[in-house]
Amino acid sequence: MEKIEFIIDDSNKGERIDKFLSTVKEDKSRSYFQNLIEDGNILVNTKNIKSNYKLRSGDKVSLNIPEPIELKVEAENIPLHIVYEDQDLIVVNKPQGMVVHPAPGNYNGTLVNALLYHCKDLSGINGVIRPGIVHRIDKDTSGILVMAKNDETHNNLAYQFKEHSIKREYFALVEGRITKEKGTISTNIGRNPKDRLKYAVVSEGKHAVTHYEVIEIYDKYTLVKCVLETGRTHQIRVHMSHIGHPLVGDPLYGFKKQSFKLNGQMLHAKTLGFIHPKKEEYMEFTSELPDYFKKLILKIKRGV
């Protein structure tokens, strides 16, 4: 069990303890700390408190963080579209519908299960559930992902993502006609206060920047290229919805009434570029739009 103690200063007084702790340890959610509080693993001035406790200057906060429960993730013989591979990393083209890593209620059929079958050497920084995973894309988003085979490579790539130096270009089919050829969306993104399963543009969120460029305009839709400057959860989906052009087929942020029967949002991670951690050379990988994406565009062009 990991034990952590610290003293609250004036800059954090008045803040809810669960919210404060989730900003201190960004890999843990508020609900995670709420459960720790309920189990008596978080004390303030040696006393039990509630999740809505407001911090005071000088408070002594004590955390007992239990060891994570080890879950065995099985290797599965699932076909992979490998774009590039060497002894340090592997780049794959993920299909729509594949979850990147196991999660409660979904421990099979993921990209991680497939990777464990293909290569035994994946970095262990993210633990047994997410070996090798440096970044993610949503289940119904297709496209390029890079995974690390060792911790040194993982740390280097993670740093590049943190510094926003990695090139990430997505193609998205959105509702409506965007007449402005280029634009930048700069907001804060965080949990939707009215629906915790969704994200939204909120003042207390994390800064997020998306640059977009119109590729082609159709009758009622627009194909755009989105370049991520930051990488917040659901960033493109939230940002395009925020400006009134949600992604076609998006079950969370799209129009309630959809014109087509789709398996999810029309979003493809088309290009990924980064400095190879060991070779110290710039590498860039691109994948063509998948068939389901191209077929829908053709359908729209024909006015079907």
Is any side-chain N of the basic residue among [X] and [Y] closer than 4.0 Å to the acidic one's carboxylate O?
X	Y	answer
Glu85	Lys149	yes
Arg191	Glu204	no
Glu213	Lys225	yes
Lys220	Glu175	no
Glu169	Lys167	yes

If you define the side chain from C-beta out and look only at heavy atoms, does anything of [X] sit under 4.5 Å from [Y]?
X	Y	answer
Phe274	Leu89	yes
Leu55	Val61	yes
Leu145	Val91	no
Asn192	Val202	no
Glu74	Leu116	no
Thr286	Lys270	yes
Tyr212	Lys180	yes
Ser142	Lys94	no

Looking just at side-chain N and O atoms, do [X] and [Y] make a donor-acceptor pair shorter than 3.5 Å?
X	Y	result
Thr230	Gln235	yes
Thr271	Glu284	no
Gln34	Asp18	yes
His101	Asn113	no
His234	Tyr253	yes
Tyr292	Asn263	no

Do [X] and [Y] share a hydrophobic cluster (ILVMFWY, side-chain heavy atoms under 4.5 Å, transitive)?
X	Y	value
Val214	Ile236	yes
Leu43	Ile37	no
Leu63	Ile49	yes
Leu173	Val227	no

Looking at [X] and [Y], what are the two nearest heavy atoms and their distance?
X	Y	result
Leu267	Ala172	CD1-CB, 3.7 Å
Ile17	Ser51	CG2-O, 3.7 Å
His268	Gly143	CE1-CA, 3.6 Å
Asp9	Ser57	C-OG, 4.0 Å

Donor-acceptor pair, side chain of [X] and main chain of [Y], under 3.5 angstrom:
X	Y	answer
Arg177	Tyr218	yes
Asp86	Asp88	yes
Lys299	Gly303	no
Asp138	Asp140	no
Ser165	Gln160	yes
Ser287	Asn93	no
Asn188	Ser203	yes

Side chain to side chain donor-acceptor pair (under 3.5 Å) partners of residues 239-251, not counting sequence neighbours, each pair once: Thr187-His239, Thr210-His239, Arg237-Asp250
Qualifying residue, where the test is side chain to side chain donor-acceptor pair (under 3.5 Å) with Glu229 and the options are His211, His164, Arg168: His211
Test log, rule side chain to side chain contact (heavy atoms under 4.5 Å, CB included), inputs Ile42 and Leu21: CA-CA 10 Å; Ile42 297 178; Leu21 291 174; 3.5 Å; yes
Can the ring centroids of His135 and Phe161 be said to lie less than 6.0 angstrom from one another? yes
Greater than 12 external heavy atoms within 6.0 Å of [X]'s [atom1]:
X	atom1	answer
Lys278	NZ	yes
Glu163	CD	yes
Tyr159	OH	no
Lys54	NZ	no
Gln258	CD	yes
Glu38	CD	no

Drop me the distance from [X]'s [atom1] to [Y]'s [atom2], to the nearest 0.5 angstrom.
X	Y	atom1	atom2	answer
Glu280	Asn156	CD	CG	8.5 Å
Asn12	Ile7	CG	CD1	12.5 Å
Leu157	Ile275	CG	CD1	10.5 Å
Glu5	Ser62	CD	OG	4.0 Å
Leu223	Ile300	CG	CD1	9.0 Å
His118	Asn77	NE2	CG	11.5 Å

Verdict with supporting geometry, Glu15 and Arg56, salt bridge (Lys or Arg N to Asp or Glu O under 4.0 Å): CA-CA 8 Å; Glu15 193 170 357; Arg56 301 171 184 172; over 6 Å; no
Apply the test side chain to side chain contact (heavy atoms under 4.5 Å, CB included) to residues Val100 and Ile133: give CA-CA distance (whole Å), side-chain angles for both, the deciding distance (0.1 Å), then the verdict. CA-CA 8 Å; Val100 171; Ile133 301 301; 3.7 Å; yes
Is there a side chain to side chain contact (heavy atoms under 4.5 Å, CB included) between Ile217 and Ile178? Walk through the geometry before answering. CA-CA 7 Å; Ile217 300 175; Ile178 300 179; 5.9 Å; no
Can you classify the ring geometry of Phe285 versus Tyr84 as parallel (below 30°), tilted (30 to 60°) or perpendicular (above 60°)? tilted
In terms of the angle between their ring planes, are Phe260 and Tyr221 parallel, tilted or perpendicular, with boundaries placed at 30° and 60°? tilted
Show your reasoning for whether side chain to side chain contact (heavy atoms under 4.5 Å, CB included) applies to Tyr117 and Glu76. CA-CA 5 Å; Tyr117 183 90; Glu76 296 181 63; 5.6 Å; no
